[in-house]
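Throughout, residue positions are numbered sequentially from 1 according to the sequence presented.
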Amino acid sequence: MDEGIRICEICSQPFPAGYGKVCESCYWIGVFKQRKSVTSHLFATQAVKDIFANFSDWLRERRGAAVAAMQLNKYSQLFYEIECQWGKVPEYRALVDYFSVAKMRRFKRFFDWLAESGAVKVDKVVKAEDSERHQIRKILDSANTGRKLSSILSSYYEYLTNPKKKHPLSLRTVRLYLRAATSLIKHSSTAGDVIPRQSDVNSFLATKPGQQASLSPFIIFLRMKGLCNLTVYRQPKASIIKSNRNQLKKSLFKVLAVAATGDLTVEGEWGALALQYFHGINKKDCHRILNGTTASAGDDGVTYIFVKQNVWIPKLSYGINLI
């Protein structure tokens, strides 16, 4: 036999010389079994030892012996925490409350195995709630405020999530309210760690009129605490329409600037913005028109049918002349 080929002492298969007496596959299977055995001694309860063994075998089947052997130590830390906290694998809510969905993603294969084996049933509601909490933490962390405003935002968060409220708010609503409050603070032209002024509130809502409902609870909270006399300025309808058109106009120019570089992937975005700007069609209907309505193209524009009427918008290349 060729001197460069040897026969594995375990599986009797030929393999390149240089790996010792066993092939690479059998070598990693041996390493996996050894590490699995040694690691299982870290756990005190038989229940956790059995779960670790079952998961290890599943990981080897899915990822191979080499990957499984190298990752057992990483997952052993997770099993150790589970054993110390519960002595067994708890329900999904307890796992989420303790680890958070974000940390669970770092041990994705273990939680995939739990769900696949039926050891834990994934609760989509719990998962969504934890995701909302994670986003709320990011909003508060990104506020980048001084000590005074940071304290106010923390108190506002506690106020919104007070379990004694007669009508508790959903976490999604809490997130929207906090985002509006932090957006106002970032928008504020006030220098230093000072509560926004009335002019800041007015200018903020002039540029983002859709935030009025979400911002109102924050203004009410500040007034309730005796920190200000601010009010949420209610814009006249005509003013809101003008503000929205100005925003659309700016967006159209941004799309045109991108298109001018030769990037025509913004053509769909141009169509949706143009339908809103020139015809006042809402965003949802715009996408329905662009995706499902037969279009008639001309030299300088495209005609669509909407509510039995023809609506014309300029082509991307022609649009700059009509704005």
Nearest non-hydrogen partners of [X] and [Y], listed with the distance:
{"X": "Ile29", "Y": "Arg60", "answer": "CD1-NH2, 3.7 Å"}
{"X": "Ala47", "Y": "Gly87", "answer": "CB-O, 4.3 Å"}
{"X": "Lys36", "Y": "Phe52", "answer": "O-CE2, 3.7 Å"}
{"X": "Phe15", "Y": "Ile7", "answer": "CE2-C, 3.5 Å"}
{"X": "Ala180", "Y": "Gln211", "answer": "CB-OE1, 3.3 Å"}

Looking only at atom types and distance, does a side-chain atom of [X] sit under 3.5 Å from a main-chain N or O of [Y], one as donor and one as acceptor?
{"X": "Gln276", "Y": "Ala272", "value": "yes"}
{"X": "Thr261", "Y": "Val258", "value": "yes"}
{"X": "Gln212", "Y": "Leu205", "value": "no"}
{"X": "Arg35", "Y": "Ala69", "value": "yes"}
{"X": "Glu83", "Y": "Thr45", "value": "yes"}

Pair [X], [Y]: side-chain N/O donor-acceptor within cut-off below 3.5 Å:
{"X": "Glu158", "Y": "Asn162", "result": "no"}
{"X": "Arg109", "Y": "Gln71", "result": "yes"}
{"X": "Ser100", "Y": "His134", "result": "no"}
{"X": "Ser151", "Y": "Ser154", "result": "no"}

query = For the ring pair Phe99 and Phe107, is the centre-to-centre distance below 6.0 Å?
reply =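 Between Phe99 and Phe107, the centre distance exceeds or equals 6.0 Å.
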
task = Decide if the gap between the ring center of Phe218 and the ring center of Tyr156 is smaller than 6.0 angstrom.
result = yes

task = Begin from the C-alpha positions of Met104 and Val96 and carry the test side chain to side chain contact (heavy atoms under 4.5 Å, CB included) through to its verdict.
result = CA-CA 8 Å; Met104 287 166 67; Val96 171; 3.8 Å; yes

key: Derivation of the salt bridge (charged side-chain N to carboxylate O under 4.0 Å, His left out) call for Arg197 and Asp200   = CA-CA 5 Å; Arg197 300 165 300 187; Asp200 298 320; 3.5 Å; yes

key: Side-chain ion pair, Asp112 and Arg62, N-O less than 4.0 Å   = no

ask   = So does Arg172 pair up with Glu129, basic N to acidic O under 4.0 Å?
value =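 Glu129 and Arg172: not salt-bridged.
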
As an exercise, state the distance from [atom1] of [X] to [atom2] of [Y], rounded to the nearest 0.5 Å.
{"X": "Ile139", "Y": "Leu153", "atom1": "CD1", "atom2": "CG", "answer": "10.5 Å"}
{"X": "Ile152", "Y": "Ser155", "atom1": "CD1", "atom2": "OG", "answer": "7.5 Å"}
{"X": "Tyr80", "Y": "Leu42", "atom1": "OH", "atom2": "CG", "answer": "8.5 Å"}
{"X": "Phe111", "Y": "Phe55", "atom1": "CZ", "atom2": "CZ", "answer": "9.5 Å"}
{"X": "Glu81", "Y": "Cys84", "atom1": "CD", "atom2": "SG", "answer": "8.0 Å"}
{"X": "Asp97", "Y": "Tyr92", "atom1": "CG", "atom2": "OH", "answer": "10.5 Å"}

message = Parallel, tilted or perpendicular: which one describes the rings of Phe110 and Tyr75, with boundaries at 30° and 60°?
response = tilted

task = Hey, can you tell me if Tyr98 and Trp86 have their rings parallel, tilted or perpendicular (30° and 60° cut-offs)?
result = perpendicular

request  = Begin with the C-alpha distance, continue with both residues' side-chain angles, and end with the deciding distance and a verdict on side chain to side chain contact (heavy atoms under 4.5 Å, CB included) for Thr161 and Leu169.
outcome  = CA-CA 7 Å; Thr161 56; Leu169 300 174; over 6 Å; no

request  = Evaluate the criterion side chain to side chain contact (heavy atoms under 4.5 Å, CB included) for residue pair Cys11 and Cys23; output intermediate values, then yes/no.
outcome  = CA-CA 8 Å; Cys11 68; Cys23 66; 3.8 Å; yes

Decide whether [X] and [Y] are clustered together by the hydrophobic rule: side chain heavy atoms of Ile, Leu, Val, Met, Phe, Trp, Tyr closer than 4.5 Å, transitively.
{"X": "Leu176", "Y": "Leu160", "value": "no"}
{"X": "Trp113", "Y": "Val67", "value": "no"}
{"X": "Tyr159", "Y": "Ile185", "value": "yes"}
{"X": "Leu59", "Y": "Val31", "value": "no"}
{"X": "Trp28", "Y": "Val38", "value": "no"}

request  = Under the side chain to side chain contact (heavy atoms under 4.5 Å, CB included) rule, what do Lys283 and Arg288 come out as? Steps first, then yes or no, please.
outcome  = CA-CA 9 Å; Lys283 190 181 295 186; Arg288 187 180 295 117; over 6 Å; no

Heavy-atom side-chain proximity of [X] to [Y] below 4.5 angstrom:
{"X": "Ser183", "Y": "Phe204", "result": "yes"}
{"X": "Pro14", "Y": "Arg6", "result": "no"}
{"X": "Gln247", "Y": "Lys208", "result": "no"}
{"X": "Arg223", "Y": "Ile220", "result": "no"}
{"X": "Ser76", "Y": "Asn73", "result": "yes"}
{"X": "Leu184", "Y": "Ile219", "result": "yes"}
{"X": "Tyr177", "Y": "Leu215", "result": "no"}
{"X": "Phe32", "Y": "Ser56", "result": "yes"}

Quick check on [X]: does its [atom1] atom have over 12 non-hydrogen neighbours (other residues, nucleotides or ligands) under 6.0 Å away?
{"X": "Lys254", "atom1": "NZ", "answer": "no"}
{"X": "Gln85", "atom1": "CD", "answer": "yes"}
{"X": "Glu267", "atom1": "CD", "answer": "no"}
{"X": "Lys225", "atom1": "NZ", "answer": "no"}

